[in-house]
Amino acid sequence: MELQLQEYIINDIKPLGIDDKISDLQLAFNQLTYSHIPIQNQGVYMGCISETDAHCFDGDKSIKDCSYAVEGFFVRDTTNWLDVLEAFAQNDSNIMPVLNKENTYLGYYELNDVMHLFNETPFFAEPGGILIVEKGIHDYSFSEISQIVESNDAKLLGAFISKMDGDLASITIKVANKSLNEIIQTFRRYSYTIISGHEEDSYLESLKERSKYLDKYLNI
């Protein structure tokens with residue numbers, strides 16, 4: 001599913017001007033829940049100032065006096081949704097200004113909206129089991145991972161690299177409703193280390209809980 005973000009561009013906050021007072025910026029933050037507020041100079045987008053920085057400045061000064069604190073991050077209206085998510089993470093922001101190819105400020109994305117779309121993807125929305133496997137960075141391949149899952153008559157809903165530690169990569173995999181046991185054994189035959197596997201049923205957890213209760217009873 002290709003996520004169309006353009007319809008989620010919000011334009012209800014007018015960027016503050018470089019000649020506005022810091023006190024105006026501080027007041028805006030007091031009224032909003034955003035981590036940053038966009039700043040412009042004569043209609044041209046300059047960047048954002050964070051709430052943390054804004055409250056450190058003298059309210060009587062102009063934003064221009066503190067222009068060194070302006071962070072110039074943004075995305076384009078054509079930016080892929082994964083790159084938009086990455087931009088949010090890299091800039092530790094819950095607001096992301098959007099410019100078109102002519103560098104005209106169009107508005108901004110709100111992190112909650114993008115995360116909501118992300119959560120509607122099949123990786124999160126479809127029922128299935130989660131499996132985390134580990135292998136050398138130069139030894140794994142997504143084509144091999146897909147082959148292992150599909151060779152067990154299962155459907156791969158998604159996979160991504162969730163951790164890189166030295167020469168090892170951890171890959172998180174989601175498989176459509178299917179017992180993970182056979183899939184796990186196949187991964188082991190291909191020299192993958194199984195970090196964890198979780199199926200969306202409570203049967204095994206129920207057995208574990210009953211076993212703990214029985215052990216406790218027998219040890220009284």
Side-chain angles (χ1 to χ4, degrees), residues 1-59 61-125 132 137 158-166 169-172 174:
M1 181 180 73
E2 180 64 31
L3 300 182
Q4 300 298 325
L5 290 184
Q6 291 87 346
E7 61 187 273
Y8 289 90
I9 294 175
I10 303 171
N11 206 355
D12 59 355
I13 299 176
K14 183 180 178 182
L16 290 179
I18 203 84
D19 293 317
D20 289 333
K21 294 284 190 183
I22 290 291
S23 57
D24 296 329
L25 184 60
Q26 292 169 340
L27 178 62
F29 276 119
N30 289 338
Q31 295 172 339
L32 300 167
T33 58
Y34 292 135
S35 61
H36 295 73
I37 287 179
I39 307 298
Q40 62 184 7
N41 184 10
Q42 297 181 347
V44 178
Y45 172 73
M46 302 295 294
C48 289
I49 291 183
S50 73
E51 181 177 15
T52 303
D53 285 339
H55 287 299
C56 291
F57 299 140
D58 184 346
K61 289 187 175 182
S62 69
I63 294 174
K64 180 166 54 181
D65 296 327
C66 307
S67 58
Y68 59 86
V70 174
E71 304 171 43
F73 62 82
F74 66 90
V75 295
R76 302 284 181 189
D77 57 339
T78 54
T79 301
N80 177 278
W81 64 279
L82 276 173
D83 290 331
V84 171
L85 270 179
E86 182 180 4
F88 274 113
Q90 287 179 340
N91 294 285
D92 197 18
S93 174
N94 60 12
I95 182 174
M96 184 55 58
V98 183
L99 310 185
N100 63 17
K101 63 181 180 180
E102 286 82 27
N103 292 325
T104 302
Y105 176 83
L106 303 177
Y108 62 91
Y109 293 131
E110 188 175 337
L111 179 58
N112 284 340
D113 288 338
V114 179
M115 288 305 300
H116 177 70
L117 282 175
F118 189 47
N119 289 336
E120 288 184 340
T121 62
F123 187 90
F124 286 99
I132 303 174
I137 287 175
F160 66 94
I161 299 171
S162 48
K163 183 180 178 182
M164 293 186 110
D165 185 7
S170 295
I171 304 100
T172 298
K174 185 160 185 180

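When reading the values below, keep in mind they use all heavy atoms of this one structure, side chains included, and skip hydrogens, waters and symmetry mates.
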> Side-chain contact, heavy-atom cut-off 4.5 Å: Leu99 with Arg76?
yes
> Please check this pair: side chain of Asn91 against backbone of Ala87, looking for a donor-acceptor N/O pair closer than 3.5 Å.
yes
> Once you round to the nearest 0.5 Å, how far does OG of Ser35 lie from CZ of Phe88?
8.5 Å
> Could you grab the distance from atom CE of Met96 to atom OG1 of Thr79, nearest 0.5 Å is fine?
9.5 Å
> Can you list the steps and then say if Ile37 with Ile49 is a side chain to side chain contact (heavy atoms under 4.5 Å, CB included)?
CA-CA 6 Å; Ile37 287 179; Ile49 291 183; over 6 Å; no
> Tell me, please, which residues at least two apart from Gln90 pass side-chain hydrogen bond (donor to acceptor under 3.5 Å, both in side chains).
Glu86
> Residues in side-chain contact (heavy atoms from CB on, under 4.5 Å) with Asp19, at least two apart?
Lys64
> Are Val44 and Asn103 packed together at the side-chain level, in the sense that at least one heavy-atom pair is separated by less than 4.5 angstrom?
no
> Can you name the nearest heavy-atom pair linking Pro97 to Pro38, along with the distance?
CG-CG, 4.5 Å
> Go through Leu117 and Trp81 one step at a time and tell me if the side chain to side chain contact (heavy atoms under 4.5 Å, CB included) criterion holds.
CA-CA 9 Å; Leu117 282 175; Trp81 64 279; over 6 Å; no
> Holding to side-chain contact (heavy atoms from CB on, under 4.5 Å), I want the full list of residues that pass it with Lys163, two or more places apart in sequence or in another chain.
Asp165, Ser170
> Give, for atom CE of Met115 and atom CG of Leu85, the distance between the pair rounded to the nearest 0.5 Å.
6.0 Å
> When you compare the side chain of Lys21 with that of Lys61, does any pair of heavy atoms fall below 4.5 Å?
no
> Can you tell if the side chain of Asn30 reaches within under 4.5 Å of the side chain of His55, non-hydrogen atoms only?
yes
> Does Asp24 offer a backbone N or O that forms a donor-acceptor pair with the side chain of Asp20 under 3.5 Å?
no
> Quick check for you: to the nearest 0.5 Å, what is the distance between Leu25 atom CG and Glu51 atom CD?
9.5 Å
> Can Asn94 and Tyr108 be counted as having a side-chain donor-acceptor contact under 3.5 angstrom?
no
> Can you tell me how far OG of Ser67 sits from CE of Met46, rounded to the nearest 0.5 angstrom?
7.5 Å
> To the nearest 0.5 angstrom, please state how far the CG atom of Leu27 sits from the CG atom of Leu32.
9.0 Å
> Please name the pair of heavy atoms, one in Ala69 and one in Asp53, separated by the smallest distance, quoted to 0.1 Å.
CB-OD2, 3.9 Å
> Any side-chain heavy-atom pair from Ile18 and Ile39 closer than 4.5 angstrom?
yes
> Below 4.5 Å, heavy atoms only, C-beta onward: do Leu106 and Asn11 meet side chain to side chain?
no
> Find out whether Asp83 and Val75 are in side-chain contact, i.e. whether some heavy atom of one side chain is under 4.5 Å from a heavy atom of the other.
no
> Looking at residues at least two apart in the chain, or sitting in another chain, which of them share a side-chain contact (heavy atoms from CB on, under 4.5 Å) with Glu110?
Ile10, Tyr34, Asn112, Asp113
> Tell me, please, which residues at least two apart from Thr52 pass side-chain contact (heavy atoms from CB on, under 4.5 Å).
Ser50
> Does the separation of the ring centres of His36 and Phe73 fall below 6.0 angstrom?
yes
> Verify, without hydrogens or angle tests, whether Gln6 (side chain) and Asp77 (backbone) share a donor-acceptor contact under 3.5 angstrom.
yes
> Between Phe160 and Ile171, does the side chain to side chain contact (heavy atoms under 4.5 Å, CB included) criterion hold? Intermediate values first, please.
CA-CA 6 Å; Phe160 66 94; Ile171 304 100; over 6 Å; no
> Holding to side-chain hydrogen bond (donor to acceptor under 3.5 Å, both in side chains), I want the full list of residues that pass it with Ser162, two or more places apart in sequence or in another chain.
Thr172
> In sequence, state the C-alpha distance, the side-chain angles, and the governing distance for Leu111 and Ile95, and then conclude on side chain to side chain contact (heavy atoms under 4.5 Å, CB included).
CA-CA 6 Å; Leu111 179 58; Ile95 182 174; over 6 Å; no
> On the 0 to 90° scale, with breaks at 30° and 60°, tag the Tyr45-Tyr105 ring pair as parallel, tilted or perpendicular.
parallel
> Identify the heavy atoms of Phe57 and Tyr68 that sit nearest to each other, and give their distance.
CE2-OH, 3.4 Å
> If we only count heavy atoms from C-beta on, is the Ile22 to Cys66 side-chain gap below 4.5 Å?
yes
